Amino acid sequence: MSSYQFRADPAADATAPVIFLFHGTGGDENQFFELAGQLLPGARRVAPRGDVSEQGALRYFRRTGEGVYDMDDLAQRTRAMTEFVRAQAGSASRVIGLGYSNGANILASMQFASPDLFDQAVLMHPLIPFAPPAADFSGRRVLITAGRRDPIAPASATQVLADYFSANGAETQLVWHEGGHELRQDELAAIQAFL
């Protein structure tokens, strides 16, 4: 069993939907906690802290450069986080993942490895610089939000990821804004509508 530091709602209903929150590089378990309460009132929130430090900035897995992932480390940490999610999800009626940037990347990696893990996933500004395996996402819903001028997660790579989820049976939405890697209000509105 993986021992992540995390923040969670203390006394939420065990059968309520649960939303797992994955922060971006340099964020922590508090980054989306309050926002999630506004986006999905009544859901149990679980926010694990990334356990990799990149010059003091917390992340969920190692990389060797911008957009260059340590694939062995990613595989190992994907397995550990998947165990954590399964253990924390318990008897929840619906399991939702929401991740931004590095958090979106670990969330997507878990989806590739265990397509049954999340009923819904919100991937904000993900970057998957490798070809994911074929998987069956029937009955799963995925929302990807992105900036058309994102210097970190290029629009072309985002489109490829959205096409991958669609081709593998997920009900997929892709929502763009005209900016870069920042989160914008219209993006949050799209997330709320999706949830």
Side-chain angles (χ1 to χ4, degrees), residues 15-24 32 35-36 39-40 43-48 60-61 67 69 71 74-75 77-148 150 152-177 181 183-184 186-195:
T15 61
V18 59
I19 184 164
F20 288 89
L21 307 166
F22 302 99
H23 61 76
F32 296 116
L35 175 68
L39 291 173
L40 199 61
R44 182 163 57 98
R45 296 165 291 175
V46 180
Y60 291 104
F61 58 88
Y69 299 164
M71 294 304 287
L74 175 59
R77 292 179 192 279
T78 296
R79 280 192 298 274
M81 188 61 82
T82 300
E83 280 176 31
F84 172 83
V85 168
R86 286 201 196 280
Q88 291 291 325
S91 54
S93 58
R94 187 163 46 125
V95 180
I96 303 153
L98 179 145
Y100 166 64
S101 194
N102 179 245
N105 299 336
I106 191 73
L107 173 53
S109 184
M110 284 188 282
Q111 289 180 277
F112 304 153
S114 303
D116 65 324
L117 193 58
F118 295 96
D119 299 300
Q120 285 175 278
V122 177
L123 304 168
M124 302 181 290
H125 302 260
L127 174 61
I128 302 298
F130 56 88
D136 181 5
F137 292 106
S138 304
R140 312 288 159 180
R141 296 177 63 222
V142 177
L143 170 65
I144 300 173
T145 64
R148 290 194 188 279
D150 192 328
I152 295 168
S156 56
T158 302
Q159 187 64 59
V160 166
L161 183 62
D163 293 345
Y164 160 82
F165 277 113
S166 290
N168 284 276
E171 184 189 313
T172 310
Q173 275 178 268
L174 176 53
V175 173
W176 297 99
H177 65 61
H181 203 62
L183 294 176
R184 291 200 173 176
D186 49 353
E187 192 172 346
L188 298 177
I191 293 166
Q192 187 157 29
F194 172 79
L195 294 175

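Here the structure is a predicted model, which means the values were calculated and not measured. Values below: every heavy atom of this structure, side chains too, minus hydrogens, waters and symmetry copies.
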- Message: Any non-hydrogen side-chain atom of Phe84 less than 4.5 Å from a side-chain atom of Val46?
- Response: yes

- Item | Leu21 and Arg45: CA distance, side-chain angles, deciding distance, side chain to side chain contact (heavy atoms under 4.5 Å, CB included) verdict | CA-CA 7 Å; Leu21 307 166; Arg45 296 165 291 175; 4.2 Å; yes

- Side-chain donor/acceptor of Arg77 to backbone N/O of Ile106, under 3.5 Å: no

- Item | Spacing of CG belonging to Leu98 relative to CG belonging to Leu40, to within rounding of 0.5 Å | 10.0 Å

- State whether Arg140 and Asp119 are salt-bridged, where the test is any N-O pair (Lys NZ or Arg NE/NH1/NH2 against Asp/Glu carboxylate O) under 4.0 Å. yes

- Item | Side-chain donor or acceptor of Ser109 paired with backbone N/O of Asn105 under 3.5 Å | no

- Any chance you could measure His177, atom NE2, to Arg184, atom CZ, to the nearest 0.5 Å? 5.5 Å

- Query: Are side-chain heavy atoms of Met110 and Val85 found at a separation under 4.5 Å?
  - Reply: yes

- Message: Using the side chain to side chain donor-acceptor pair (under 3.5 Å) criterion, which residues pair with Ser93? Sequence neighbours excluded.
- Response: none

- Task: Evaluate the side-chain proximity of Leu117 to Val95: yes if any heavy-atom separation is below 4.5 Å, no if none is.
- Result: no

- Task: Could you grab the distance from atom CE of Met81 to atom CG of Leu74, nearest 0.5 Å is fine?
- Result: 11.5 Å

- Do you know which two heavy atoms are closest between Tyr69 and Leu127, and how far apart they sit? OH-O, 2.7 Å

- Shortest non-hydrogen separation from Pro129 to Gly67 and the atoms involved: CG-O, 3.4 Å

- Task: Mind running side chain to side chain contact (heavy atoms under 4.5 Å, CB included) on Val142 and Gln111 for me, showing each step along the way?
- Result: CA-CA 10 Å; Val142 177; Gln111 289 180 277; 3.7 Å; yes

- Is there a donor in the side chain of Asp150 and an acceptor in the side chain of His181, or the other way round, less than 3.5 Å apart? yes

- Task: Output, in order, the C-alpha distance, side-chain angles, deciding distance and verdict of side chain to side chain contact (heavy atoms under 4.5 Å, CB included) for Met71 and Phe130.
- Result: CA-CA 10 Å; Met71 294 304 287; Phe130 56 88; 3.6 Å; yes

- Message: Working to the nearest 0.5 angstrom, can you tell me the gap between His125 NE2 and Glu187 CD?
- Response: 3.5 Å

- Grab the two heavy atoms, one from Ile19 and one from Ala43, that are nearest each other, plus how far apart they are. CG2-CB, 4.3 Å

- Message: Just checking Phe22 against Tyr60, ring centres under 6.0 Å apart?
- Response: yes

- Nearest 0.5 Å, what's the OG1-CG distance between Thr145 and Leu174? 8.5 Å

- Test of ring centre spacing under 6.0 Å for Tyr164 and Phe112: yes

- Query: Which distance, rounded to the nearest 0.5 Å, do you find between the CZ of Phe137 and the CZ of Phe165?
  - Reply: 5.0 Å

- Closest non-hydrogen atom pair, Gly99 against Leu107: N-CD2, 3.7 Å

- Can any side-chain N or O of Arg141 pair as donor or acceptor with the backbone N or O of Phe194 at less than 3.5 Å? yes

- Mind listing the closest non-hydrogen atom pair of Pro17 and Ile96 along with its distance? CB-CD1, 4.4 Å

Indicate every side-chain donor-acceptor pair of residues 152-162 with a distance under 3.5 Å to a residue at least two apart or in another chain.
unit_1, atom_1, unit_2, atom_2, d
Thr158, OG1, Pro154, O, 3.2
Gln159, NE2, Asp163, OD1, 3.0

- Query: So which heavy atom on Ala89 is nearest to which on Val18, and how close?
  - Reply: CA-CG1, 4.2 Å

- Note, Leu195 side chain near Val122 side chain (heavy atom, < 4.5 Å): yes

- Message: List the residues meeting side chain to side chain donor-acceptor pair (under 3.5 Å) with Asn102, not counting sequence neighbours, and say none if there are none.
- Response: none

- Close side-chain approach of Ser101 and Met124, heavy atoms under 4.5 Å: no

- Task: Check step by step if side chain to side chain contact (heavy atoms under 4.5 Å, CB included) holds for Ile144 and Val175.
- Result: CA-CA 6 Å; Ile144 300 173; Val175 173; over 6 Å; no

- Message: Testing the 3.5 Å rule here: is there a donor-acceptor pair between the side chains of Asp136 and Ser138?
- Response: yes

